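Scroll down for the structure; my scribbles are underneath it.
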Amino acid sequence: MPAVAINSTRLNDNLTALGQIGNTDEGMQRVAFSSFDVAGRDYVTELMRRAGMTVRIDAAGNIIGRVEGSGPSLPAIAMGSHTDTVPAGGQYDGALGVIAAIEVVQALADAGQTTRHPLEVMVFTNEEGTGFHRWLLGSRAVAGLWEAEDFSAVHDDGATLTSRLPDIGGNISHIAEARRRPDELACYLELHIEQGPTMHRGGYPIGIVTGITGRSVYHVDIVGEANHAGTTPMALRRDAMSAAAQIALKVRSIAGEMEICRVGTVGSMDVHPNAGNVIPGRVQMGVEFRDERMESLAAAEVELRRTAEEVGHAEQVGIAVTAQRNTPSVPISGNMQQLVADAAEVAGLAHITMPSGAGHDAQAIASITPAAMIFVPSVNGVSHAPAEYSTPEDCANGAQVLLNALLLADDR
Ligand code: GLV
Ligand code: MN
Ligand code: MN
């Protein structure tokens, strides 16, 4: 296999430049469909063109860059990730995978090396699902995994997805055209930060992902009675917040002491009318559970519903639990794990195998083509927060392993 080296300075400079787009006092705000998101998309589109790619936007708003290969009508090797962030997020989640994929194509062009397979860099729309509450929106369109709720999705600000997709060049009525046939793709490779503490603690530069976690998401709507906080006796209250607090603690113990599933989180809460001297009449909260075993997620749901019934009865409030999403866990094949292990060995880098506790575009794309994921360490395991950081050296190592894996895949 001919050795080609990525340019670490260029990779890290481009990553820093993208990290300036949407960077605020409260961290990254490059939330999908925002003006920051559009500016970030423009930036990576320009980098793709500079690397010699032809660039198109598909019906889901995904940015797809492509260079042709030397082989006769071979399927493409795809690489990618996302450039949208969570609110108050970090500079590396998604961004690293996109900038590194472009660096791989640029480094090959600089070396005058053409692969046999065509190469595609895919920048997926709304991986995080912020705003429309529909995650992996772009990658699920490519995999043909859109659901009815995607078509009818409405943003927190009231706008429909149908009306917003054209802002980034998409078109919901043509969404089926974003779908790729399995015979168009040879494989998919995604570099990403780990987003947890395992690699940083253990001192491993490269992680080989064995599978991506399953995730179930619920909307819990609690309706009590708003009343005066100073005059209403405790025994006569129908306090939606009191019920919400009990459910939130139960979500923690379902994953904690009860060990029913790996993690459980209440990440959002909307209190009505949200005034210090009014007993909350309504609370809406977002609950999610994650585990690699789908049976564990099902058991967590049973316990959540049982708790809602019990708390609703005790607090005299109405509680509706609505399942919003149930994303299956996805295993990574042994062959694709071996590809990354071989690529790390070519680079002389130690590696660890591990499951991914975060979700990724790769889990959608894995349903149409063999997918692999490469992890690099997150300093102190921080992610989805402004302090998210991976060292320039670790980012460069990851990009080099991505390039090595691509060349090995091109040969196989
Ligand atoms: C996606 O970033 C997730 O929440 O795992
Ligand atoms: Mn994320
Ligand atoms: Mn991500």
Side-chain angles (χ1 to χ4, degrees), residues 15 18-19 22 27-32 34 36-37 40-41 44 62 79-101 121-140 188-199 207 209 211-218 255 261-268 286-292 297 324-330 354-366 371-378 381-390 395 398 402:
L15 198 49
L18 178 57
M28 295 301 297
Q29 302 286 5
R30 210 167 53 232
V31 168
S34 66
F36 288 139
D37 182 40
R41 293 164 53 90
V44 298
N62 297 311
M79 300 175 284
S81 201
H82 59 100
T83 53
D84 67 312
T85 70
V86 293
Q91 296 184 23
Y92 297 81
D93 177 1
L96 174 62
V98 169
I99 295 294
V121 174
M122 299 178 168
V123 182
F124 296 111
T125 300
N126 199 16
E127 190 270 354
E128 301 287 6
T130 310
F132 286 101
H133 305 284
R134 305 295 307 165
W135 77 330
L136 309 177
L137 206 54
S139 46
R140 286 190 296 105
Y188 172 76
L189 309 171
E190 182 167 350
L191 171 65
H192 206 283
I193 57 169
E194 183 206 330
Q195 306 183 271
T198 307
M199 297 174 68
V209 176
I212 305 172
T213 191
R215 179 188 184 204
S216 52
V217 181
Y218 303 89
C261 64
R262 186 172 56 80
V263 288
T265 307
V266 175
S268 68
V287 175
E288 65 151 69
F289 296 111
R290 301 199 193 201
D291 201 288
E292 286 63 49
L297 293 181
Q324 286 186 310
R325 287 189 297 283
N326 191 21
T327 311
S329 61
V330 170
M354 59 186 300
S356 171
H360 299 288
D361 293 304
Q363 74 195 87
I365 302 303
M373 284 200 77
I374 304 159
F375 274 176
V376 294
S378 293
V382 177
S383 183
H384 279 187
E388 180 179 277
Y389 180 67
S390 293
C395 292
L402 179 65

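The figures here come from the full heavy-atom set of this structure, side chains too, leaving out hydrogens, waters and symmetry mates. Start at 1 and go down the list; that is how both ligands and their atoms are numbered. What you are looking at is a predicted structure, and each value in this text was computed from that prediction instead of being measured. Numbering starts at 1 and runs along the sequence shown.
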Practice problem: Looking only at distances, please establish whether an N/O atom of ligand 1 is found under 3.5 Å from an N/O atom of Trp135. | Solution: no
Quiz item: Does an N or O anywhere in Arg290 fall below 3.5 Å from an N or O of ligand 1?
Solution: yes
Practice problem: Could you establish whether Gln195 and ligand 1 come within less than 4.0 Å of each other, counting only heavy atoms on the residue side? | Solution: no
Exercise. If you have a sec, work out which protein heavy atom is nearest atom 2 (O) of ligand 1 and how many Å separate them, to one decimal?
Key: Glu128 OE1, 2.8 Å
Practice problem: Examine distances only and state if a side-chain atom of Gln363 and a backbone atom of Val330 form a donor-acceptor pair shorter than 3.5 Å. | Solution: no
Quiz item: Is there a donor-acceptor pair under 3.5 Å between the side chain of Ser81 and the backbone N or O of Val98?
Solution: no
Quiz item: Is a side-chain donor-acceptor pair under 3.5 Å present for Ser329 with Glu292?
Solution: no
Quiz item: Do Ala358 and ligand 1 have an N or O pair less than 3.5 Å apart?
Solution: no
Practice problem: Evaluate side chain to side chain contact (heavy atoms under 4.5 Å, CB included) for Glu288 paired with Arg325, printing each intermediate quantity in order. | Solution: CA-CA 9 Å; Glu288 65 151 69; Arg325 287 189 297 283; over 6 Å; no
Quiz item: Which of the atoms in ligand 1, numbered in the order shown and given with their element, are less than 4.0 Å from a heavy-atom of Gly359?
Solution: 1 (C), 3 (C), 5 (O)
Quiz prompt | Any side-chain donor near an acceptor of the partner, Asp93 and His82, under 3.5 Å | solution = yes
Quiz item: Closer than 2.8 Å to the Mn ion (ligand 2), do we get an N, O or S atom from His82, backbone or side chain?
Solution: no
Quiz item: ligand 1 versus His360, non-hydrogen atoms closer than 4.0 Å: side chain, backbone, both, neither?
Solution: neither
Quiz item: With respect to the Mn ion (ligand 3), what is the nearest N, O or S atom of His192?
Solution: NE2
Quiz item: At the Mn ion (ligand 2), what is the angle formed between atom OD2 of Asp93 and atom NE2 of His384, rounded to the nearest 10°?
Solution: 90°
Quiz prompt | Distance filter under 4.0 Å to Glu127 heavy atoms, resulting ligand 1 atoms | solution = 1 (C), 2 (O)
Quiz item: Which of the N/O/S atoms in Glu128 sits closest to the Mn ion (ligand 2)?
Solution: OE2
Quiz item: Hey, mind stepping through Gln324 and Tyr218 against side chain to side chain contact (heavy atoms under 4.5 Å, CB included) and telling me if it holds?
Solution: CA-CA 5 Å; Gln324 286 186 310; Tyr218 303 89; over 6 Å; no
Quiz prompt | Ring-ring centroid check His360 Phe124, cutoff 6.0 Å | solution = no
Quiz item: With no hydrogens and no angle check, do the side chains of Thr327 and Trp135 hold a donor and an acceptor under 3.5 Å apart?
Solution: yes
